[in-house]
Amino acid sequence: MNRVYIKTYGCQMNERDSEAVAAMLRARGYVIVDTERTADVVLLNTCSVRDQAEQKAIGKALNLAARKRKAPDFVVGVMGCMAQNRGTDLLDRLPDLDLLVGTQKFHQVPDHLDHIMATLRGQGPRPSTIVDLEAEAGSQNTIRDHLDHGHDNGAGARQVTAFISIMQGCNMACTFCIVPKTRGEERSRPIDDIVAEAEQLAARGVRDVTLLGQIVTSYGRREFPFVDGRSPFVQLLERVHAIPGIARIRFTSPHPRGFKDDLVQAFRDLPKLCPNVHLPLQSGSDRILRLMNRPYTRDRYLEIIESLRRAVPEMYFSTDIIVGFPGETEEDFEQTRDIFERVGFDMAYIFKYSVRSGTPAAEMAGAVSTEIKERRNQVLLDLLHIQSLMRNLQLVGRTVEVLVEGPDKVGRRLSGRTAGNRLVHFAGDVRLVGELIDVKIERASAASLVGEVV
Ligand code: SAM
């Protein structure tokens, strides 16, 4: 009765929240399973950024509710952004839910499940849906537990990469975005706590950490002072950089507004900071950027890219783009296509604009048809394919440093990543996991590289 499956929708922040919940549950004696088929409890950790993500999770929850009607002891919960966004309205469609938990209450899930489990063992009446959606001061400090994957990945290989949540919430007011509603105001964890977590991960064998937040470049803005012109975020990078076991540091997502000289300088001065920046652009048209309430212009964006390339010439760039924002004309889209090509993004998440009720953009005129959104989306996907392929082809014949992460999906080879975050497959012994090794690249596709250990 204690096997839990957690299904995660959406971003890395959600993945990290799910991992923390799994670790807390495991510490309470629950078993975390990797398929819903064998689970006694299924928790959906949901995303609200686009309607499609919400519909997928609702579809899955309806499906699980049908299973619950046949097996009443089966437990189903919905957590995270959609729970926060839709609140108890969700119960109109999903009256059978056992648990509805918001984005500031993940740490309460073990107590809630313990309570439900006790009632299934006959200790008291089973509650109707437990609803826990309030804001909670200090909740940003509760996402800190990690699963120790060391023994469960089948190959006996240790965990090499990890996410660390450094803050919660978002104070930006992008007109398209639901996140400020679902995640609340920006709240940052203390630097010392984050560093202690990174040290513990390093002691366990983790070598590559990704610092996570909705807008990481705003980290600690209100809580901690600038020191010698360096923002709290750059101070945090320096502290994590000083941890001996950590070989690589990444972060996501920053905001273009946060790329001041101190952060550009950090890329020059901190060799462990990986040459790979995810810099959400959203649109290449100044007119659309203004409508989106994004506080930069295309020229400023290009300036940031140039300054980072001057600091680290081989820098890799990825981005987020929204096509079909209300009022986006062919000329506006052409501006996006142009900047997409000029920067030569190596990776990108390209989204078709999705109306989020309650956001200012939902009230804007000039809806773009689905067909046009599809076409613009495809134009950028085609460009991305060519750009990624070209960038990967440049590595053929070269020897690159790869951090070995584990057996690849097929299980016949190992895989790892370059500092620039390119996926590499190669033959090798599982004892290499966690090592930084040289791999000579022999073949490339847009998605990955194949090589031989030197
Ligand atoms: N740090 C990021 C930034 O600077 O904007 C925010 C990350 S946001 C949670 C993830 C991405 O989802 C956004 O960058 C945006 O491209 C996309 N997104 C947000 N709202 C959207 C909407 N209504 N429709 C389509 N895509 C959306």
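As the structure is a prediction and not an experimental result, all values here were calculated from the model.
- Listed for the Glu401 side chain is no donor-acceptor partner under 3.5 Å among the backbone atoms of Thr418.
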### Message
Between Leu308 and Phe259, is the side-chain contact (heavy atoms from CB on, under 4.5 Å) condition met? List the steps.
### Response
CA-CA 9 Å; Leu308 286 164; Phe259 277 81; 3.8 Å; yes
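- Looking at heavy atoms from C-beta onward, Met315 lies out of side-chain contact with Pro313 at the 4.5 angstrom threshold.
- If you check the side chains of Glu54 and Ser48, you find a donor sitting under 3.5 Å from an acceptor.
- By the side chain to side chain donor-acceptor pair (under 3.5 Å) test, Lys60 is found to be paired with Glu36, residues two or more places apart in sequence or in another chain being considered.
- Contact between Ala57 and Leu44 at its shortest, heavy atoms only, is O-CD1, 3.7 Å.
- Minimum interatomic distance between Pro110 and Leu25 (heavy atoms only, all atoms of both residues): CA-CD2, 3.7 Å.
- Distance alone, capped at 3.5 Å, is enough to place a donor-acceptor pair between the Thr35 side chain and the Arg37 backbone.
- Under the 4.5 Å side-chain criterion, counting only non-hydrogen atoms from C-beta, Asp438 is not in contact with Val400.
- Partners of Gln12 according to the side chain to side chain donor-acceptor pair (under 3.5 Å) rule, which considers only residues two or more places apart in sequence or in another chain, do not exist here.
- Side-chain contact between Asn14 and Cys47: present, with at least one pair of heavy atoms (C-beta onward) separated by less than 4.5 Å.
- Partners of Arg398 under the salt bridge (Lys or Arg N to Asp or Glu O under 4.0 Å) rule, at least two apart in sequence or in another chain, do not exist in this structure.
- Residue-environment remark: NZ (Lys272) exceeds the threshold of 12 foreign heavy atoms within 6.0 Å.
- No cation-pi contact links Arg16 to Phe163, judged by a cut-off of 6.0 Å to the six-membered ring centre and 45° from its axis.
- Using a cut-off of 4.0 Å between Lys/Arg side-chain N and Asp/Glu carboxylate O, Arg412 and Asp408 are scored as not salt-bridged.
- The closest side-chain donor-acceptor pair between Thr182 and Asn85, if any, does not fall under 3.5 angstrom.
- Annotation for Val312 and Pro275: closest pair CG1-CB, 3.7 Å, computed over non-hydrogen atoms.
- Summarising the geometry of Tyr301 relative to Leu279, their closest heavy-atom pair is OH-O, 2.6 Å, with the distance given to 0.1 Å.
- Judged purely by distance below 3.5 Å, without hydrogens or angles, the side chains of Asp98 and His112 never pair a donor atom with an acceptor atom.
- Contacts of Phe351 classified as ring-ring contact (aromatic ring centres under 6.0 Å, His included), with partners at least two apart in sequence or in another chain: none.
- Within the 4.5 Å cutoff, the side chain of His115 has heavy atoms near those of the Ile130 side chain.
- Geometric assessment of Lys7 against the ring of Tyr9 yields a positive cation-pi assignment under the 6.0 Å and 45° thresholds.
- Residues Val433 and Glu405 are not in side-chain contact: their nearest non-hydrogen atoms beyond the backbone lie 4.5 Å or more apart.
- For the salt bridge (Lys or Arg N to Asp or Glu O under 4.0 Å) condition, the pairs that include at least one residue of residues 234-244, sequence neighbours left out, are Asp192-Arg239, Arg230-Glu238.
- The backbone N or O of Ala419 sits less than 3.5 Å from a side-chain atom of Arg250, completing a donor-acceptor pair.
- The ring-ring contact (aromatic ring centres under 6.0 Å, His included) test applied to Phe345 returns Phe340, not counting sequence neighbours.
- Remark: Tyr353 engages Phe325 in a ring-ring contact (aromatic ring centres under 6.0 Å, His included) (not counting sequence neighbours).
- With sequence neighbours excluded, the residues forming a side chain to side chain contact (heavy atoms under 4.5 Å, CB included) with Ala135 are Gln104, listed by chain and number.
- For the pair Val78 and Thr46, the minimum side-chain heavy-atom distance is below 4.5 Å.
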### Task
Decide salt bridge (charged side-chain N to carboxylate O under 4.0 Å, His left out) for Arg337 and Asp382; before the verdict, give the C-alpha distance in whole Å, the side-chain angles of both, and the deciding distance to 0.1 Å.
CA-CA 11 Å; Arg337 198 205 56 74; Asp382 291 345; over 6 Å; no
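- Within a 6.0 Å radius of CG in Asp261, no more than 12 heavy atoms belonging to other residues, nucleotides or ligands are found.
- Side chain of Asp346 to main chain of Ser388: no donor-acceptor pair is present (N/O by atom type, distance under 3.5 Å, no hydrogens or angles).
- Within 6.0 Å of atom CD in Glu314, more than 12 heavy atoms from other residues, nucleotides or ligands are found, so the atom counts as buried in its surroundings.
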Just list the side-chain donor-acceptor pairs under 3.5 Å for residues 262-269, sequence neighbours left out, or say none.
residue: Asp262; atom: OD2; partner: Ser231; partner atom: N; Å: 2.8
residue: Asp262; atom: OD2; partner: Ser231; partner atom: OG; Å: 3.2
residue: Gln265; atom: OE1; partner: Arg268; partner atom: NH2; Å: 3.4
residue: Gln265; atom: NE2; partner: Asp269; partner atom: OD2; Å: 3.3

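- Smallest separation of non-hydrogen atoms from Ser18 and Thr8: OG-OG1, 2.7 Å.
- Side chain of Arg158 to main chain of Gly205: a donor-acceptor pair is present (N/O by atom type, distance under 3.5 Å, no hydrogens or angles).
- Annotation for Arg443: atom CZ does not count as buried by contact number, only 12 or fewer foreign heavy atoms lying within 6.0 Å.
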### Task
Evaluate the criterion salt bridge (charged side-chain N to carboxylate O under 4.0 Å, His left out) for residue pair Asp193 and Arg144; output intermediate values, then yes/no.
CA-CA 9 Å; Asp193 287 10; Arg144 49 163 195 254; over 6 Å; no
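- Checked by atom type, the side-chain pair Gln159/His146 shows no donor-acceptor distance below 3.5 Å.
- Taking CG from Asn63 and CD1 from Ile58, the interatomic distance works out to 13.0 Å, rounded to the nearest 0.5 Å.
- Using modelled atom types and a 3.5 Å distance limit, the side chains of Tyr30 and Asp40 yield no donor-acceptor pair.
- Under the rule for a side chain to side chain donor-acceptor pair (under 3.5 Å), Asp73 has no partner lying at least two apart in sequence or in another chain.
- Each of Gln168, Arg187, Lys105 was scored for a side-chain hydrogen bond (donor to acceptor under 3.5 Å, both in side chains) with Ser139, with one residue passing: Arg187.
- Leu436 has its side chain out of reach of Val402: every pair of non-hydrogen atoms, C-beta onward, lies at least 4.5 Å apart.
- Around atom CZ of Arg28, more than 12 heavy atoms belonging to other residues, nucleotides or ligands sit under 6.0 Å away.
- Counting heavy atoms from C-beta outward, Arg413 and Phe426 have side chains that stay 4.5 Å or more apart.
- Among all heavy-atom pairs drawn from Pro254 and Pro280, the shortest one is O-CD, 3.3 Å.
- Taking the charged nitrogens against the carboxylate oxygens, Asp96 and Lys68 have no contact shorter than 4.0 Å, which rules out a salt bridge.
- With sequence neighbours left out, Phe226 forms a ring-ring contact (aromatic ring centres under 6.0 Å, His included) with no residue at all.
- Counting only distance, with no hydrogens or angles, the side chain of Arg222 and the backbone of Glu186 share a donor-acceptor pair below 3.5 Å.
- Side chain to side chain, Glu136 and His107 meet the donor-acceptor criterion of an N or O pair below 3.5 Å.
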N/O donor-acceptor pairs under 3.5 Å from side chains in residues 210-219, not counting sequence neighbours:
residue: Thr217; atom: OG1; partner: His255; partner atom: N; Å: 3.0
residue: Tyr219; atom: OH; partner: Arg189; partner atom: O; Å: 2.6
residue: Tyr219; atom: OH; partner: Ile191; partner atom: N; Å: 3.2

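- For the pair Ser354 (side chain) and Asp51 (backbone), a donor-acceptor distance under 3.5 Å is present.
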